[in-house]
Amino acid sequence: AQTVTQSQPEMSVQEAETVTLSCTYDTSESNYYLFWYKQPPSRQMILVIRQEAYKQQNATENRFSVNFQKAAKSFSLKISDSQLGDTAMYFCAYAQTTSGTYKYIFGTGTRLKVLA
Amino acid sequence: GAGVSQSPSNKVTEKGKDVELRCDPISGHTALYWYRQSLGQGLEFLIYFQGNSAPDKSGLPSDRFSAERTGGSVSTLTIQRTQQEDSAVYLCASSPSGIYGYTFGSGTRLTVV
C-alpha cells in the first residue's frame with residue numbers, strides 16, 4: 001500500500017531565510033502525482049505545488065520549489081525568502097490513480113513557523 | 001459560488017446524537033471527496049463521488065457513517081450515534097479531475113461531548 005511520510009513534525013525558520021520540508025513516499029506505480037498543500041490557522045487547505053512523476057523537471061511556483069527524486073521516492077519542498085504568511089501546516093500528498101479515482105494519501109504534516 | 005462551501009463551520013453535539021455535515025462544491029466539479037483530520041494526524045480519506053458512478057466508500061470507518069450526493073452537486077455526510085472518537089475536522093474537496101489537485105472547503109469542526 002502507498003504511504004507518505006513527513007519526518008519533521010515541526011520546523012522554524014527566520015524571515016527571509018530558506019527552509020526545506022521533507023517528504024518520502026512508497027509506491028510500486030510508475031506514474032503518479034505529488035502535491036504540497038498549505039493549511040494556515042484558517043483551516044483552508046491551499047494547493048502550493050504539484051509534480052507529475054513522469055516529468056523529470058522539478059516544479060516551481062514563485063518562492064516554492066520541489067526537489068523530486070523519483071528513484072529515492074523523495075519529494076521535498078523548498079521555501080525561499082520565507083515570509084510570516086508562510087506560517088502554516090504543510091502536507092505532502094500522493095495521488096493514487098487506481099481506477100481513476102485519484103484518492104490522495106496525505107502525510108501527517110509539518111508545522112512551519114516563520115520567525116520575525 | 002467561487003469556492004467549496006461547508007456548513008456548519010463548527011458543531012458541538014452530545015454523544016449518541018446524529019449529525020449532518022454539508023458540502024457545496026465548485027460548480028462543474030464532478031469529483032467530490034470527504035476527508036477527516038484528527039488532531040495531530042494527517043488527512044484520512046472517507047468517501048469519493050465521481051459523476052454518476054457508484055461512490056468509493058472504502059474509507060468510511062464504520063456503518064455509522066454515510067454520505068450522499070444529490071444531483072451531482074451538494075453532498076451530505078451523516079454520522080449516526082456519534083462517539084467521542086468522531087471528534088475531528090471534516091474536510092470536503094472537489095475537483096474537475098484529481099490530477100490537478102483538489103479545492104478544499106474550510107471544514108467542519110465536530111466536537112462530540
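The chains referred to below are lettered A, B, ... by the order of the sequence lines, with proteins before strands, and numbering in each begins at 1.
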> Does a side-chain N-to-carboxylate-O contact under 4.0 Å join Asp18(B) and Arg81(B)?
Replying inline: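 No salt bridge links Asp18(B) with Arg81(B).
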> Is the shortest heavy-atom distance from the side chain of Pro61(B) to the side chain of Arg36(B) under 4.5 Å?
Replying inline: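 When only atoms from C-beta onward are counted, Arg36(B) and Pro61(B) do touch, with a gap below 4.5 Å.
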>> Can you tell me which portion of Ser58(B) sits under 4.5 Å from chain A's heavy atoms? Options are side chain, backbone, both or neither.
In response: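 Ser58(B) touches chain A through side-chain heavy atoms alone.
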>> Heavy-atom cut-off 4.5 Å, strictly under: side chain, backbone, both or neither for Thr108(B) against chain A?
In response: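 For Thr108(B), the backbone is the part near chain A, not the side chain.
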> Within 45° of the ring axis of Phe45(B) and under 6.0 Å from its six-membered ring centre, is that where the NZ or CZ of Lys103(A) lies?
Replying inline: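 Checked: cation-pi criterion met.
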> When heavy-atom pairs shorter than 4.5 Å are enumerated against chain B, which of Arg43(A), Gln6(A), Gln44(A) gives the highest number?
Replying inline: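 Of Arg43(A), Gln6(A), Gln44(A), Arg43(A) has the most heavy-atom pairs under 4.5 Å with chain B.
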> chain B heavy atoms under 4.5 Å from Tyr32(A): which part of the residue, side chain, backbone, both or neither?
Replying inline: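 Contact with chain B involves no heavy atom of Tyr32(A) at all.
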> Which atoms of Gln39(A) come close to chain B, meaning under 4.5 Å heavy atom to heavy atom: side chain ones, backbone ones, both, or neither?
Replying inline: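 Just the side chain, heavy atoms under 4.5 Å.
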> Can we call the ring centroids of Phe75(A) and Tyr25(A) under 6.0 Å apart?
Replying inline: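 No; Tyr25(A) has its ring centre 6.0 Å or more from that of Phe75(A).
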>> Quick check: Phe106(A) with Tyr35(B) (ring centres under 6.0 Å apart)?
In response: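 When the ring centroids of Tyr35(B) and Phe106(A) are compared, they turn out to be within the sub-6.0 Å range.
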>> Heavy-atom pairs under 4.5 Å with chain A: which of Gln37(B), Glu44(B), Gln6(B) has the most?
In response: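 Of the candidates given, the most pairs with chain A belong to Gln37(B).
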